[in-house]
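Below you'll find the structure, written out as structure tokens, and then a few comments.
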Amino acid sequence: MRLDYPDSKERPMEGEGGEGGAKELVLVSVAYDGPQRKAVLKFFDPSAQKIVLVPDYTGHEPYCLTDLPPEEVLKIGGIVNHPGFSKVETVKKHDPLADRDVLMTVVFAKDPLSIGGRPSGCIRDLLPRAWEANIRYELNYIYDTGLQPGSAYEVGAGSPPSRKVFSPPAELLDRMREKLRGKDAEYVEAVKSWIELLSQPIPEVKMAALDIEVLSSSRTRIPDPSEADEAVASAAILGTDGRSRFLLLNRPGMEPEEFFVEKNGSKIEPEYFEDEAGLLGAIFEELERYPFLVTFNGDNFDLVYLHNRAKRLGMRAEETPITLGRDYADLKEGIHIDLYKFLFNRSVQIYAFNNAYKEVTLDAVGEALLGLGKVKGVKPIPEMSYREIAEYCLRDAEITLGLATMYDKLLLKLVIMLTRISRMPVEEVVRHSVSAWIRSLFIYDHRARGYLVPRPEDIQSLKGGTVTRAIIKGKKYLGAIVLEPVSGVHFNVVVMDFASLYPSVIMTNNLSYETVRCPHQECRSNRILSSPHWVCTKRRGITSLVIGSLRDLRVNLYSPMSKNPSLPENERKLYDVVQRALKVFLNASYGVMGAEAFSFYCPPLAESVTMLGRQILSDLIDEAKRLGITVVYGDTDSVFLKNPRPEKIELLKEWAVKRYGIDLTVDKNYRYVVFSQRKKNYVGVLEDGSADVKGLVGKKSSTPNFVKNAFFDLLRILGEVKDEEGFERAKIEIKDLASEAVRKLKSGEYKLEDLAFNVMMSRSTEAYTKTTPQHVKVAKQLETGGAELRAGDIISYVKVKGKEGVKPVQTSSHKDIDVEKYMDIIKSTFGQVLDALGIELEEEGKAKKLSDFM
DNA sequence: GCGGACTGCTTACCT
DNA sequence: ACAGGTAAGCAGTCCGCG
């Protein structure tokens with residue numbers, strides 16, 4: 001559906017026309033309509049479960065800025081004669097780097113590609129200096145119009161969309177009112193508008209999951225979607241509305257079978273198509289029923305294949321509902337979410353899903369998050385019966401739909417929340433990672449204040465480099481402090497940590513690219529600790545303000561509210577999604593400042609953050625010692641306190657707020673902690689007997705399963721220990737555990753898969769030029785055998801006797817196994833815990849070599 | 001020709 | 001295309017060794 005409005009000049013005032021069916025819709029995206037040369041707003045209509053397209057009604061044009069006066073711009077022949085050139089205007093902006101107002105020239109164009117994006121002859125390349133010329137047009141449009149993606153709008157036939165203003169729940173406002181007392185007006189306004197935006201309800205969304213199969217004879221090779229030279233065999237489309245379809249190509253020489261597969265709450269029967277064009281047409285028609293479509297790798301496979309296959313069969317591009325980008329595929333009307341891209345995103349993986357999955361394949365993610373993997377042990381599609389294809393294809397769609405709907409549609413809600421915070425369209429959020437989200441949020445804020453967005457090269461040349469030296473070779477500056485742990489067993493250990501230390505440091509020290517080493521002479525004496533860097537005393541830093549308000553919202557509002565038992569469950573769940581989304585931004589906010597690719601990259605800022613972090617942690621340690629508390633370990637923002645008196649903990653909390661204005665909280669209470677001499681390695685047993693394991697080889701994903709299982713048994717034994725005496729019993733049990741593992745190893749009782757190391761190959765085999773690690777050696781063996789391997793694949797191999805030393809698990813047998821090597825693994829894995837417990841495995845004289853146990 | 005000391009590469013982890 | 005710090009194992013190199 002498409003709604004058109006009269007041009008901006010004659011458009012009715014808000015609230016005037018528009019009666020006669022104004023509806024409450026949610027803005028989900030902004031796209032660019034090439035032929036119309038216009039931005040198009042994509043709204044979602046929850047009551048009709050449809051996408052409504054609204055072309056631009058403001059007359060907005062693409063542009064970039066330059067410091068050349070208009071008359072000078074008009075002297076550049078390449079620009080005035082450029083077919084896409086429109087006009088020039090002047091605009092006043094505030095230059096944050098120089099802290100002064102500047103007059104800029106706006107160069108308008110008829111289409112975004114004329115500004116930039118073509119290989120040559122773009123307006124931005126013809127100007128000696130251009131600003132804001134590398135921002136995608138759709139985003140520019142959002143920033144200039146102040147649209148809020150993810151928000152509700154009143155959309156009617158007569159008047160342009162107007163944002164619906166919500167009143168947030170009273171508890172939220174009450175809670176924040178206290179926290180905001182004494183803050184400046186600018187800050188209060190910022191926080192209030194965030195609450196208004198983030199607390200809006202999320203509409204119910206109808207979605208479909210799509211998976212297709214292709215008649216490709218190779219089991220190891222994925223068909224090339226840009227060629228699309230083999231027929232589409234089937235498509236499974238499962239909807240959240242319970243509608244389920246399985247569409248199948250009937251091939252010559254194969255009789256249609258009658259059967260059904262139970263999935264998605266119904267018995268799904270195959271629908272046979274005699275010709276492939278008919279099949280594709282039916283798939284497209286089905287997709288158009290849904291406002292949202294989820295796929296797993298649809299950006300690079302399913303949708304691209306369907307689109308190109310349709311073209312190959314004689315359909316025109318306009319006849320498919322799909323438009324292709326360079327490495328993505330959009331739906332013309334609906335919203336496509338490629339779960340592979342989103343789940344591959346490191347921030348999503350770590351902070352939103354707590355590292356629950358390691359490998360991003362449909363099988364691995366499905367197993368990890370849903371307990372449902374792909375159908376195993378399959379033949380190539382052409383050799384399968386129709387029923388087998390159905391089982392296989394429908395399972396993939398089932399997993400995809402499951403991922404999109406699990407935990408009460410957490411994934412989609414998270415996408416919408418990230419959309420709201422980043423100010424990006426839903427599709428852009430899914431395709432980009434956290435640095436693009438933060439960039440978008442920052443640029444939105446610059447536009448709203450009339451700030452010129454600085455050029456990255458200007459930030460760098462003005463702010464210069466770093467003054468500290470990193471410990472790790474090749475890094476740019478010094479990072480955090482990690483204390484040497486006091487090895488041994490410590491009972492009653494309290495772990496305290498600072499709430500969001502780095503974002504808090506950024507907030508409380510007014511750190512921002514324009515305030516660190518600001519241009520004012522009089523600020524130069526305001527040094528950051530004993531460094532040569534200084535920070536501005538005259539202006540509020542823009543990133544400090546943005547990150548600070550997000551931090552306050554998470555720490556003071558959404559985290560506590562998500563755990564508030566007096567609230568209804570659905571409200572708590574919404575707040576939990578908000579606090580997770582905020583966490584993603586906060587956790588990356590410091591890191592991006594030190595990332596060269598980030599548009600606001602500022603090394604002195606990143607360095608100042610860790611510098612202040614180090615100072616704060618070492619002051620905390622000093623203060624704890626002054627209070628007579630023994631600190632047994634600490635890392636970056638945490639301290640492990642041995643048996644502290646409760647009143648001392650309170651004193652530390654008070655100290656942190658008074659001295660640094662940063663909240664220090666109790667994170668964990670361990671019944672006991674076991675430290676070896678290694679940093680970032682320990683086992684902590686909580687009051688309930690469950691164990692936290694950090695860093696140890698026994699929990700690494702690459703460690704063979706038989707070692708991991710034995711290690712978990714070890715942890716279970718440790719969990720039983722209540723006091724010092726308990727350890728004596730535990731030590732004996734652990735020794736027995738180790739000898740039993742060795743016995744089973746020697747007698748060949750472990751399955752080969754349990755002996756396998758599982759190591760991720762982070763690039764393709766030929767990209768390893770300096771050394772050939774063991775997993776790459778194995779990968780090359782597999783490739784010789786015909787396998788196609790890609791970066792990101794997990795290689796499973798066993799250690800064998802002989803020159804090569806390693807072999808793929810699939811082609812090995814027990815007699816090849818190098819038992820001695822595996823003994824070493826057991827020894828070192830257990831050794832990490834045992835040496836801290838005073839069980840010496842290799843002490844001379846006492847003759848307690850591990851082999852002596854067996 | 002081989003082994004030990006060393007450095008560098010690679011992966012997986014912690015905050 | 002968020003950061004730096006740490007552990008572990010192996011690959012590769014150098015050097016001594018009559």
Side-chain angles (χ1 to χ4, degrees), chain A residues 344-351 355 358-359 432-439 466 468-485 495 497-503 506 547 584-603 605-611 613-614 617 633-640 667 676-682 684 692-703 757-763 767-777 792 794-795 799 804-806 821 824-825 827-829 831-832:
Chain A
F344 193 82
N345 186 310
R346 292 262 306 162
S347 302
V348 172
Q349 206 168 333
I350 298 171
Y351 301 118
N355 252 323
K358 299 276 148 67
E359 192 187 5
H432 290 99
S433 58
V434 67
S435 68
W437 302 342
I438 295 178
R439 173 185 193 239
T466 54
T468 55
R469 207 188 294 283
I471 293 172
I472 306 169
K473 219 167 108 185
K475 300 287 185 185
K476 290 164 289 199
Y477 56 90
L478 191 56
I481 294 176
V482 188
L483 296 189
E484 207 73 58
V495 182
D497 65 6
F498 289 107
S500 307
L501 178 64
Y502 287 173
I506 292 172
I547 291 165
V584 170
F585 278 79
L586 293 173
N587 278 323
S589 63
Y590 140 75
V592 293
M593 303 295 184
E596 272 165 84
F598 183 57
S599 354
F600 298 88
Y601 172 54
C602 185
L605 165 46
E607 176 181 55
S608 301
V609 173
T610 58
M611 202 182 290
R614 287 193 301 274
L617 186 70
Y633 181 59
D635 184 347
T636 310
D637 62 355
S638 66
V639 281
F640 288 54
D667 181 35
S676 63
Q677 298 91 316
R678 301 163 187 86
K679 296 172 173 182
K680 299 187 188 281
N681 272 260
Y682 58 85
D692 270 347
V693 190
K694 299 292 178 183
L696 303 182
V697 172
K699 80 172 266 194
K700 291 204 176 189
S701 59
S702 50
T703 302
F757 289 80
N758 307 290
V759 179
M760 158 107 61
M761 188 168 71
S762 65
R763 28 194 209 252
Y768 292 84
T769 50
K770 301 199 165 105
T771 57
T772 310
Q774 296 193 319
H775 64 292
V776 180
K777 213 181 270 180
I794 304 265
I795 311 296
K799 305 229 177 197
E804 288 281 284
V806 284
K821 272 273 185 319
D824 289 345
I825 312 286
K827 195 153 66 178
S828 67
T829 308
Q832 287 188 340

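In the text below, chain A, chain B and the rest are named by the order of the sequence lines, each starting its count at 1. Predicted model, so just to flag it, every value in this text is computed and none were measured. Computed over heavy atoms, backbone and side chain alike; hydrogens, waters and symmetry mates excluded.
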- Item | Rounded distance [0.5 Å steps], CD1 in A:Ile506 versus CE in A:Met593 | 5.5 Å

- Message: In whole Å, I'd like the distance from the NZ atom of A:Lys680 to the P atom of B:dC13.
- Response: 14 Å

- Message: At 4.0 Å (heavy atoms only), tell me whether A:Tyr351 reaches a base, stays on the sugar-phosphate, or touches nothing.
- Response: base

- Task: Take atom CD1 of A:Ile825 and atom P of B:dA12, then tell me their distance rounded to the nearest Å.
- Result: 15 Å

- Item | Row check, A:Tyr768 ring normal vs A:Arg763 NZ/CZ: under 6.0 Å, within 45° | yes

- Item | Gap between atom NE2 of A:His775 and atom CD1 of A:Ile794 - 0.5 Å precision | 9.5 Å

- The nucleotide from B:dC9, B:dC13, B:dT15 with an atom nearest the side chain of A:Lys358 is B:dC13

- Note on the structure: Contacts of A:Arg469 and A:Gln774 projected onto DNA chain C by closest heavy atom; the upstream (5') one is A:Arg469

- Message: What contact category does A:Ile471 fall into here, base, sugar-phosphate, or nothing, at under 4.0 angstrom with non-hydrogen atoms?
- Response: sugar-phosphate

- For residues A:Thr468 and A:Glu607, is any side-chain donor paired with an opposing acceptor at under 3.5 Å? yes

- Task: Look at all strands and tell whether A:Met760 reaches a base, only sugar-phosphate, or nothing, counting heavy atoms closer than 4.0 Å.
- Result: sugar-phosphate

- Rounding to a whole Å, what distance do you find between A:Arg346:CZ and B:dT11:C1'? 12 Å

- Task: Look up atom OH in A:Tyr590 and atom CD1 in A:Ile547, then write down how far apart they are to the nearest 0.5 Å.
- Result: 12.5 Å

- How long is the gap from CG on A:Leu605 to OG1 on A:Thr466, to the nearest 0.5 Å? 12.5 Å

- Message: Please classify the nucleic acid contact of A:Tyr502 as base, sugar-phosphate, or nothing, using heavy-atom distances under 4.0 Å.
- Response: nothing

- Indicate whether OP1 or OP2 belonging to B:dT11 is found under 4.0 Å from a side-chain N or O atom of A:His775. yes

- Message: It should be established whether A:Lys694 places a side-chain nitrogen or oxygen under 4.0 Å from OP1 or OP2 of nucleotide B:dT15.
- Response: yes

- Message: Counting the atoms with a prime plus P, OP1 and OP2 as sugar-phosphate, which does A:Ala470 contact under 4.0 Å by heavy atoms, base, sugar-phosphate, or nothing?
- Response: sugar-phosphate

- Message: Categorize A:Leu478 for me: base, sugar-phosphate, or nothing, with a 4.0 angstrom heavy-atom threshold over every strand shown.
- Response: sugar-phosphate

- When we call it a touch if two heavy atoms are under 4.0 Å apart, what does A:Ser433 touch: a base, just sugar-phosphate, or nothing? sugar-phosphate

- Note on the structure: Taking for A:His432 and for A:Glu484 the nucleotide of DNA chain C with the nearest heavy atom, the one nearer the 5' end belongs to A:His432

- Query: If you look at every strand shown and take non-hydrogen atoms under 4.0 Å, does A:Ser347 touch a base, only sugar-phosphate, or nothing?
  - Reply: nothing

- Taking only N and O in the side chain of A:Lys473, is any of them less than 4.0 Å away from OP1 or OP2 of B:dG8? yes

- A:Ile795 CD1 to B:dT10 P, in whole Å, measures 15 Å

- Message: Can you measure A:Lys777 atom NZ to B:dT10 atom P for me and round it to whole angstrom units?
- Response: 14 Å

- Message: Any base atoms under 4.0 Å from A:Gln832, or only sugar-phosphate, or nothing? Heavy atoms, all strands.
- Response: sugar-phosphate

- Query: How would you label the contact of A:Gly479 with the nucleic acid (heavy atoms, under 4.0 Å): base, sugar-phosphate, or nothing?
  - Reply: sugar-phosphate

- CG of A:Asp824 to NZ of A:Lys799: how many Å apart, nearest 0.5 Å? 9.0 Å

- Message: Can you measure A:Asp635 atom CG to B:dC13 atom C1' for me and round it to whole angstrom units?
- Response: 11 Å

- How is A:Ser589 classified with respect to the nucleic acid when contacts are heavy atoms under 4.0 Å: base, sugar-phosphate, or nothing? nothing

- Message: Nearest 0.5 angstrom please: A:Tyr633 OH to A:Glu484 CD, how far?
- Response: 9.5 Å

- Short N-O contact, A:Lys680 and A:Asp635, less than 4.0 angstrom: yes

- Its 5'-most and 3'-most nucleotides having an atom under 4.0 Å from a non-hydrogen atom of chain A, DNA chain C is contacted over C:dA1 to C:dG12

- What's the OH-C1' distance between A:Tyr768 and B:dT10, to the nearest Å? 7 Å

- Tell me: CD of A:Glu359 to P of B:dA12, nearest whole Å? 11 Å

- What nucleic acid atoms does A:Asp497 come within less than 4.0 Å of, heavy atoms only: base, sugar-phosphate, or nothing? nothing

